[in-house]
Amino acid sequence: MASHRKPKQYPLAGNTARTAATLALAGVATATALDGTGNATPPPTKDQVKARVGQYYREAEAATERYNGVREKADRARSALDGLQDEAARRTERLTAARNALGSFATAQYREGGLPPAVRLLLSSSPDRYLERASLADRAGSLQAVALTRVRSELRGVERVRTTAAARLAELKDEQAALSRHKRTVEAKLEDARRLLDRLTAEERAEFHGGGEAAGAPAADAPAGGAERGAAASTAPLGGRAGRSVARGAAQAPTERAARAVAFAYSALGKPYVWGATGPSGFDCSGLTQAAWRSAGVSLPRTTYTQINAGRRIGRSQLAPGDLVFFYSGVSHVGLYIGGGKMIHAPHPGAPVRIAPVDQMPFAGAARPV
């Protein structure tokens with residue numbers, strides 16, 4: 001009988017089978033997690049945290065140098081735009097004056113009326129006076145032609161300046177957009193580093209930010225006010241070992257300008273690292289070297305990758321106080337050599353301007369500004 005037939009079995013459809021398998025695997029995973037036998041990623045060790053923070057700082061510094069370079073270009077574009085706007089205003093004033101002069105000629109011509117010259121001669125009570133006025137009118141016509149030419153020239157000049165200014169404005173907007181991108185990158189890297197550092201104890205953070213000599217340097221965990229006080233203290237006359245080092249570095253410097261740059265670097269010891277800063281209260285790495293040489297009357301470009309091409313490239317064995325020393329394959333860090341295998345540099349956030357061995361980082365090259 002049909003009523004005694006065995007029900008027909010239907011295989012699971014493709015989607016249904018996959019869903020069932022997924023649910024089964026999820027159940028196994030849940031059970032494993034509840035049993036405590038899952039392979040959870042262990043938290044990073046202290047050394048791993050320090051390594052990652054160092055990597056984030058290097059990436060932030062590379063982004064900072066890109067930011068510095070773009071800001072320098074933006075400043076140039078803004079300055080050029082300001083100059084073009086001033087020039088456009090001056091040209092517009094000249095154009096107005098030229099138009100007014102042309103209008104005066106047109107008004108005078110209108111007042112003379114439209115009578116032919118022969119008729120005006122016949123009607124004149126003094127032919128001699130008329131001929132004299134006619135001669136003056138010819139000269140006025142020449143002046144009118146000159147005025148018209150000037151108007152046309154000023155119109156072309158104003159249009160040219162406005163076109164150039166529009167291009168500069170577009171360039172400035174592009175540079176400002178790039179500035180914002182690089183700023184976000186820097187801030188994101190520094191925030192990643194801060195979160196990792198928060199996993200360390202105060203002593204471990206102080207150890208991480210250590211590694212150099214800094215006159216008047218605040219403790220790594222000091223509040224901002226303490227950092228500012230440390231920065232202010234570092235500008236006082238140096239005595240003891242720091243003072244002797246200044247004299248020794250200045251004496252070894254190949255030029256008087258190099259000696260002044262070294263002295264400035266010593267005066268900055270203890271001031272905080274501030275990305276994008278060129279002083280006087282804080283510095284980033286290239287901001288410090290630029291400010292040091294500026295105090296000696298030498299203008300350096302703003303970034304590490306442009307400073308390395310300033311002056312003369314030298315070998316490591318030729319280093320003398322005042323030379324610029326660069327690090328990492330991307331030339332993303334710079335310090336000022338002071339002799340004895342040491343430099344003064346602005347390391348990274350939380351680490352003030354300090355003395356450190358040149359061997360502390362991978363050496364990339366050196367340059368002597370003068």
Side-chain angles (χ1 to χ4, degrees), residues 40-68 179-234 268-279 281-289 303-304 326-335 342-362 364:
T41 304
T45 66
K46 179 181 71 174
D47 289 340
Q48 288 173 331
V49 168
K50 290 180 178 180
R52 289 184 192 176
V53 170
Q55 180 63 31
Y56 286 143
Y57 277 155
R58 287 192 292 275
E59 291 171 357
E61 190 163 52
T64 296
E65 292 305 310
R66 291 192 293 271
Y67 172 89
N68 291 337
L179 272 178
S180 296
R181 289 196 302 272
H182 291 313
K183 182 179 180 180
R184 287 194 297 270
T185 299
V186 173
E187 291 174 340
K189 294 296 181 183
L190 295 180
E191 178 61 20
D192 290 340
R194 186 196 63 76
R195 283 198 297 266
L196 280 175
L197 283 171
D198 284 345
R199 299 185 180 187
L200 302 178
T201 65
E203 291 76 13
E204 289 169 340
R205 287 196 297 273
E207 180 186 348
F208 175 80
H209 289 308
E213 306 168 36
D221 295 340
E228 291 300 324
R229 286 193 296 273
S234 71
L269 286 173
K271 293 190 177 182
Y273 178 100
V274 179
W275 73 270
T278 59
S281 59
F283 302 90
D284 63 19
C285 68
S286 57
L288 174 64
T289 51
T303 65
T304 53
F326 301 87
F327 304 92
Y328 300 110
S329 58
V331 193
S332 59
H333 191 74
V334 62
K342 293 185 177 182
M343 64 177 173
I344 294 176
H345 72 139
H348 54 72
V353 176
R354 61 177 50 164
I355 298 171
V358 172
D359 293 335
Q360 193 177 66
M361 293 170 283

Taking Asp192 first and then Lys189, would you say they form a salt bridge - that is, a charged N and a carboxylate O separated by under 4.0 Å? no

Closest approach of Pro357 to Met343 (non-hydrogen atoms, all atoms of both residues): O-CE, 3.9 Å

Shortest non-hydrogen contact between Gly282 and Ala277, atoms and distance: O-CB, 3.4 Å

Indicate the ring-plane relationship of Phe327 and His333, choosing parallel, tilted or perpendicular according to the 30° and 60° boundaries. tilted

Regarding Arg52 and Gln55, is there a side-chain donor-to-acceptor distance under 3.5 Å anywhere? no

Taking atom SG of Cys285 and atom CH2 of Trp275, what is their separation to the nearest 0.5 Å? 13.0 Å

For the residue pair Met361 and Arg58, establish whether any side-chain heavy-atom pair is separated by less than 4.5 Å. no

Rounded to the nearest 0.5 Å, what separates atom NE2 in His182 from atom OG1 in Thr64? 10.5 Å

So, taking the atom named CD1 in Ile344 and the one named CG in Leu269, what distance separates them when rounded to the nearest 0.5 Å? 4.5 Å

So, do Arg199 and Leu196 sit near enough that their side-chain heavy atoms are less than 4.5 Å apart? yes

Check: Thr304 side chain, Ser286 main-chain N or O, donor-acceptor pair, under 3.5 Å: no

Arg184 and Glu187 ion-paired at < 4.0 Å: no

Where do Tyr328 and Ala364 come nearest, in terms of heavy atoms and distance? O-CB, 3.2 Å

Roughly how far, to the nearest 0.5 Å, is the OH atom of Tyr67 from the CG atom of Leu179? 5.5 Å

Would you find more than 12 non-hydrogen atoms of other residues, nucleotides or ligands less than 6.0 Å from Lys183 atom NZ? no

Exercise: identify the closest heavy-atom pair between Phe283 and Leu288: CD2-CA, 3.6 Å

Mind listing the closest non-hydrogen atom pair of Pro347 and Pro352 along with its distance? CD-O, 3.2 Å

Kindly give the heavy-atom pair with the smallest separation between Ala346 and Glu61, and that separation in Å. O-OE2, 4.2 Å

Report yes if some heavy atom in the side chain of Glu65 is under 4.5 Å from a heavy atom in the side chain of Asn68; otherwise report no. yes

